[in-house]
> 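Before we start, here is the structure in question, set down as structure tokens.
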Number of protein chains: 2
Amino acid sequence: MRVSREKFAENREKILAVAGELFREKGFDGIGVAEIMKAAGLTHGGFYGHFDSKDELASEASKALVARSLERWKQVAASSPEQPLEALLAHYLSHRNVVEHATGCVFAALTQEVSRHGPEMQSTFTGGLMGLVEVLEEIVPGETPEERRRKAFASLSAMVGAVILARAMDSAELSQEFLSATRQELSPLPDESNG
Amino acid sequence: MRVSREKFAENREKILAVAGELFREKGFDGIGVAEIMKAAGLTHGGFYGHFDSKDELASEASKALVARSLERWKQVAASSPEQPLEALLAHYLSHRNVVEHATGCVFAALTQEVSRHGPEMQSTFTGGLMGLVEVLEEIVPGETPEERRRKAFASLSAMVGAVILARAMDSAELSQEFLSATRQELSPLPDESNG
DNA sequence: ATTATCTATAGATCTATAGATAATGC
DNA sequence: ATTATCTATAGATCTATAGATAATGC
């Protein structure tokens with residue numbers, strides 16, 4: 001049952017995509033190689049032709065997720081040149097990002113596990129988060145570059161923190177309150193449309 | 001090798017204490033019952049005389065950690081009646097809370113795993129986090145109760161988020177920048193002593 | 001002939017339990 | 001006699017590998 005060179009590359013991407021969803025949904029320790037391969041439509045044993053180990057898959061999947069997340073932030077900010085911060089807050093602090101773990105923010109899903117893995121993963125997350133800080137530095141209010149950098153770090157903490165805490169709530173109302181409160185506190189504009 | 005009724009109760013507390021540290025350090029899925037019992041100075045098999053399952057231990061340990069965390073916040077706020085918010089920020093946004101996972105904040109360590117466990121654990125974390133919101137509501141600046149409640153939710157998001165992101169950094173300088181930036185943004189006082 | 005995948009399994013680890021052991025406390 | 005702990009192990013699950021299988025591509 002061998003497969004073409006092209007199909008081989010497709011299979012690798014499929015494994016990475018499926019792993020990216022399952023890792024975000026269940027955590028690195030909450031899902032096994034066999035189940036990932038099954039979800040990708042392949043057999044367990046075939047995995048080791050694509051990756052040396054589960055750890056390598058976790059690293060590669062994280063890199064892809066972090067890179068895509070940063071791209072998305074840049075797109076969202078660029079798509080609203082007049083209110084980029086408000087667009088980013090609306091995009092990130094959303095109900096969807098609270099309930100859809102498998103396709104939501106990689107940082108809201110996996111950051112607490114990073115320090116328990118190797119330095120390579122820590123480096124990936126550090127780079128990704130600093131990329132988000134750079135996006136924020138250019139769109140947060142502030143007189144000086146120092147003030148904007150400070151606001152960028154603090155805003156990112158609040159945004160990721162709000163989604164993580166919202167996900168831990170057992171009530172949809174309290175989840176929403178974390179999102180709304182953070183959005184209002186971080187936005188310099190008086191809000192008009194707020195749920 | 002039976003043990004007195006009193007020693008039995010002590011052993012249970014020892015298991016809970018050790019589990020509380022190991023869960024925070026390695027995650028619920030990152031440590032097994034056998035290793036927890038070994039760290040408590042007991043044998044694997046003895047565990048099931050104290051708890052029905054690992055899940056029950058995780059629930060009980062979480063309850064204890066969350067309750068202790070809330071107590072600590074109240075103490076810290078009460079210990080500085082003139083600047084309770086600054087005291088809490090200094091206490092929480094500390095280098096110690098970034099590097100000492102086993103004894104640090106339970107929310108900074110385990111919140112991302114809560115939604116993957118049962119509703120009982122979600123209820124425990126929801127109650128604990130709402131307790132922290134109530135502490136903050138009374139000490140954050142704001143003209144109206146609504147504004148203070150909003151600031152309490154947003155401040156808690158930023159505080160927990162800052163420690164979680166600081167822990168993912170591969171550089172001590174960047175970790176510190178998350179803490180310092182968040183402290184400055186959340187404190188209404190101009191800071192004098194900042195590292 | 002090469003190589004991507006599949007089948008089957010080794011070896012380690014994890015939760016949970018059964019039965020034996022030995023000290024407590026009536 | 002009761003009961004807290006220990007020894008030993010069952011049964012499930014997990015990572016990783018070895019060898020067989022079968023399609024690709026020179």
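Residue numbers start from 1 in every chain, and the chains themselves are labelled A, B, ... in the order their sequence lines are given, proteins ahead of strands. These numbers were taken from a predicted model, which means no experiment stands behind them. Any value given below was found using the heavy atoms of this structure, including those in side chains, with hydrogens, waters and symmetry copies removed.
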> Measure all distances between protein nitrogen or oxygen atoms and nitrogen or oxygen atoms of nucleotides 10-17 of chain D, and list the pairs falling under 3.5 Å.
from   : atom 1 : to    : atom 2 : distance (Å)
D:dT15 : OP1    : A:K54 : NZ     : 2.9
D:dT15 : OP2    : A:V33 : N      : 2.8
D:dA16 : OP2    : A:Y48 : OH     : 3.2
D:dA16 : OP2    : A:K54 : N      : 3.0
D:dA16 : N7     : A:H44 : NE2    : 3.3

> Could you check if a side-chain atom of A:T43 sits within less than 4.5 angstrom of a side-chain atom of A:M37, using non-hydrogen atoms only?
no
> So does A:R183 get a backbone contact from the side chain of A:S187, meaning a donor-acceptor N/O pair under 3.5 Å?
no
> Ring-plane angle category for A:F107 and A:F125, please: parallel below 30°, perpendicular beyond 60°, tilted otherwise.
perpendicular
> Counting runs of three or more consecutive pairs, Watson-Crick or G-U wobble, with each distance below 3.5 Å, where are the stems of DNA chain C?
C:1-24 with D:1-24
> Between B:E10 (CD) and D:dT5 (P), how many Å, whole number?
11 Å
> Just by modelled atom types, is the B:P119 backbone N or O under 3.5 Å from a matching donor or acceptor in the B:S123 side chain?
no
> Roughly, in whole Å, what's the span from CD1 in A:I15 to C1' in C:dT5?
11 Å
> Which nucleotide sits closest to the side chain of A:F8: D:dC6, C:dA4, C:dG25?
C:dA4
> Just compare C:dG25, D:dG25, C:dT5 and give me whichever is closest to any side-chain atom of A:S4.
D:dG25
> Check the distance between C:dC6's C1' and A:M37's CE and give it to me in whole angstrom.
10 Å
> Testing B:I164, B:V163, B:L93, B:L165 for side chain to side chain contact (heavy atoms under 4.5 Å, CB included) with A:S157, which one passes?
B:L165
> Closer than 3.5 angstrom, by distance alone: can the side chain of B:Q122 be matched with the main-chain N or O of B:V114 as a donor-acceptor pair?
no
> Above 12 or not: heavy atoms from other molecules or residues under 6.0 Å from CD of B:Q75?
yes
> Report the residue (B:E6 or A:L42) whose heavy-atom-nearest nucleotide on DNA chain C is the more 5′ of the two.
A:L42
> Provide, to the nearest angstrom, the distance between the CZ atom belonging to A:R5 and the C1' atom belonging to D:dA22.
17 Å
> Side chains of B:L85 and B:L186: closer than 4.5 Å at any heavy-atom pair?
no
> For D:dT5 and B:N11 - does any side-chain N or O of the residue sit under 4.0 Å from the phosphate oxygens OP1/OP2?
yes
> How about A:E147: does its CD atom have over 12 heavy atoms from other parts shown lying under 6.0 Å from it?
yes
